[in-house]
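Note sheet for the following structure.
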Amino acid sequence: MKEYIKALFVHDSIEQGAIDMSLEKSELFQTKAFINGQWLNATNKDTFPVYNPYDKSLIAEVADLDISDCELAIEAAFGAQKTWKLRPAKERASLLMRLYDLMIEHKSDLAQLLTLEQGKVLKEAQGEIIYGANYIKWFAEEALRINGKIIPALSKNHEIRVYHEPVGVVTAITPWNFPNAMIARKMAPALAAGCSFVVKPSEETPLSALAIAKLVKEAGFPDGLFNVVTGTNSEVIGDALILPKEVAKFTFTGSTSVGKKLQAKCALGMKRSSMELGGNAPFIVFEDADIPKVIAGTMISKFRNAGQTCVCSNRFLVHESIEDAFKDALLVAMKSLKSGNGLTDCMSLGPMINQQTVHKVEGLIQSAIEAGARLVYQADKVGNEFVPPTLIDQVTADMAISTTEIFGPVVAIQTFTDEAEAIRLANDTPFGLAAYFYTHDATRIHRVSRDLEYGIIGVNEGSISNEMAPFGGVKESGQGREGSSDGILDYVDVKYICQNFA
Ligand code: SIN
């Protein structure tokens, strides 16, 4: 039965803040790191604060690890992987299925924790838990299909066999915008393939990662297979997760600038890496687009997580003949958005993750207006932690708002006159993660899909993320794919055996 907890979180006799939270399973709230199946403080007893982005109240003090703690995690993962890789695929799959079941069983608690530390509205947090859990189920199923092959050989006395072997220890750094799903979609293929896993979650949102660890333990995975290292010293922890010889592969979701630095560290040991980096998604509205569909796509692709996703549409490229119709319909939809505490019912947008993000997004709006863009609409600001939904037009390609990943709830409209110009504008960026376009012309759909230089394209669709599809970018948006049957390939090495059996 659901018991209401006035949670008073105490950690080594330090009172961590009193918050109202209704968790059915209070043990999902953990503040120590999870290493080798144990909950550990930092060796030096350091902790760091985690705040609710809605009101800046203290939620928890979490273990702030240093390099020696991370070394323990790598050592544990290295040991655990040796036996895990030998477990039959069916056993790996059934443990992952057990974890999936636990995530679904506790989805309401996991969503509350997620909203508390990240800010997104509860219904989106619930969606994220299901989204994350779906990756676990998908890769539980894929574990059974990591097939090798036999290739026709050069002579009747030879056989060429190809194996897909787990790469080994996988380490990860994950972002604050999807504190559950970004871990789930990296750990699930790693464990399915026979790898072990060490993750450093963002210091803004470590609680969701620790809640996953609690469920991993409950599901019965061997100690050391899944580890969570929490901390604020990103540089030191980054080195500890990438440089050791025991680490085979590193996977990162975050900004392109940080991704480039981490990739350079991977190069030192020729480590495999997957990089899911920044985007600058164009959202193209052709003259024959169906306006109600365009608005539905705009609302999901722009305002999900208050605009804080790497696939959020960033540049609205609208055919000049349809601009007024688009803006009129969009204004109606935008005026229905409500910003506020994500834990409260009926909210559509939560706060920005921190003040730095608020200032960045407000600065981009301001500089666009100073450079000649026009403010068409801005909702009331409901607090310092929020950026109100904003619509600006007369934007040009050279403005910072067009060249920067906004990561906030701002629709910035540029117009174009023909398809060639739309494609040129859309591709005029170093990024290549997601793109969207709306048209009903079948030949144009093929042409534009071909010509857009992006890893993911939504055609008359603004919602493109799911576990069955290969998620990832081209150009400076990174490399590797997450989800789909392609996703497992990032976690296996190809080994070829040439056997002479004469
Ligand atoms: C991201 O913003 O990094 C991921 C977004 C998604 O999975 O849809």
Side-chain angles (χ1 to χ4, degrees), residues 103 111 114 118-121 123-139 172-189 199-202 204-205 208-209 212 251-259 262 273-281 283 297-314 349-350 352-353 357 360-361 404-409 431-436 454-458 461-484 486-487 490:
M103 279 179 75
L114 201 160
Q118 201 278 336
K120 69 178 60 174
V121 296
K123 64 176 182 295
E124 276 196 39
Q126 284 158 352
E128 178 177 340
I129 302 303
I130 293 168
Y131 179 44
N134 284 344
Y135 280 101
I136 293 175
K137 182 164 187 252
W138 172 268
F139 284 110
I173 295 183
T174 52
W176 50 262
N177 62 345
F178 288 86
N180 175 292
M182 294 305 102
I183 295 177
R185 79 180 182 195
K186 292 177 191 301
M187 72 178 279
V199 59
K200 180 208 173 289
S202 163
E204 318 257 16
T205 56
S208 296
I212 295 176
T251 166
F252 174 67
T253 295
S255 71
T256 294
S257 59
V258 175
L262 295 169
S273 64
S274 301
M275 296 279 160
E276 204 262 89
L277 307 177
N280 184 349
F283 186 106
T298 300
M299 298 313 282
I300 180 79
S301 77
K302 179 73 255 186
F303 294 103
R304 177 175 171 228
N305 200 13
Q308 302 172 108
T309 90
C310 56
V311 290
C312 270
S313 40
N314 210 58
L349 268 70
M352 300 281 97
I353 189 69
T357 313
K360 179 194 138 186
V361 179
T404 313
E405 188 174 26
I406 303 171
F407 243 58
F431 299 101
L433 185 57
Y436 308 83
Y454 289 83
I456 308 170
I457 298 181
E461 179 57 64
S463 173
I464 48 176
S465 307
N466 62 73
E467 76 282 5
M468 291 166 284
F471 189 104
V474 297
K475 295 161 71 178
E476 293 196 14
S477 289
Q479 52 185 260
R481 291 295 177 268
E482 297 187 325
S484 83
D486 293 331
D490 275 26

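Quantities reported herein were computed from a predicted structural model and do not represent experimental measurements. Computation of the quantities below employed the complete heavy-atom set of this structure, encompassing side-chain atoms and omitting hydrogens, waters and symmetry-equivalent molecules. Start at 1 and go down the list; that is how both ligands and their atoms are numbered.
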| request: Identify, by atom number and element, the atoms of ligand 1 in contact range of Arg304, meaning under 4.0 Å from any of its heavy atoms. | output: 6 (C), 8 (O)

| Taking only heavy atoms of Met182, which atoms of ligand 1 are found under 4.0 Å from at least one of them? | 3 (O), 4 (C), 7 (O)

| field | Quiz item: cation-pi between Lys200 and Phe252, 6.0 Å / 45° | value | no

| request: Using a strict cut-off of 4.0 Å, indicate which atoms of ligand 1 neighbour a heavy atom of Thr253. | output: 3 (O)

| note | atom 7 (O) of ligand 1 has as its nearest protein heavy atom Tyr131 OH, 2.7 Å

| said: For atom 3 (O) of ligand 1, what's the nearest protein heavy-atom neighbour? Residue, atom name and distance, please. | reply: Cys310 SG, 2.8 Å

| task | Give, for atom CG of Asn180 and atom CD of Gln118, the distance between the pair rounded to the nearest 0.5 Å. | result | 11.5 Å

| message | To check your reading of the model: name the closest protein heavy atom to atom 5 (C) of ligand 1, its residue, and the distance in Å. | response | Phe178 CE1, 3.7 Å

| What atoms in ligand 1 come closer than 4.0 Å to a heavy atom of Arg185? | 4 (C), 7 (O)

| field | Which of the ligand 1 atoms, numbered from 1, are nearer than 4.0 Å to a heavy atom of Asn177 | value | 1 (C), 2 (O), 3 (O)

| said: With a 4.5 Å cut-off on side-chain heavy atoms, are Val311 and Ile464 touching? | reply: yes

| message | Measuring from non-hydrogen atoms of Glu276 to any atom of ligand 1, is the shortest distance under 4.0 Å? | response | yes

| Does a donor on one side chain and an acceptor on the other come within less than 3.5 Å for Lys186 and Ser274? | no

| query | So which heavy atom in the protein is nearest atom 8 (O) of ligand 1, and how far is it from that ligand atom? | reply | Ser465 OG, 2.5 Å

| Under a 4.5 Å cut-off applied to non-hydrogen side-chain atoms, are Asn305 and Glu128 in contact? | no

| query | Nearest heavy-atom pair of Ile406 and Lys302: which atoms, and what distance? | reply | CD1-NZ, 4.3 Å

| task | Keeping the roles fixed (side chain from Asn314, backbone from Thr404), state whether a donor-acceptor pair exists under 3.5 Å. | result | yes

| Close side-chain approach of Phe178 and Lys120, heavy atoms under 4.5 Å | yes

| task | Output the list of atoms in ligand 1 that are nearer than 4.0 Å to some heavy atom of Thr309, sorted by atom number. | result | 2 (O)

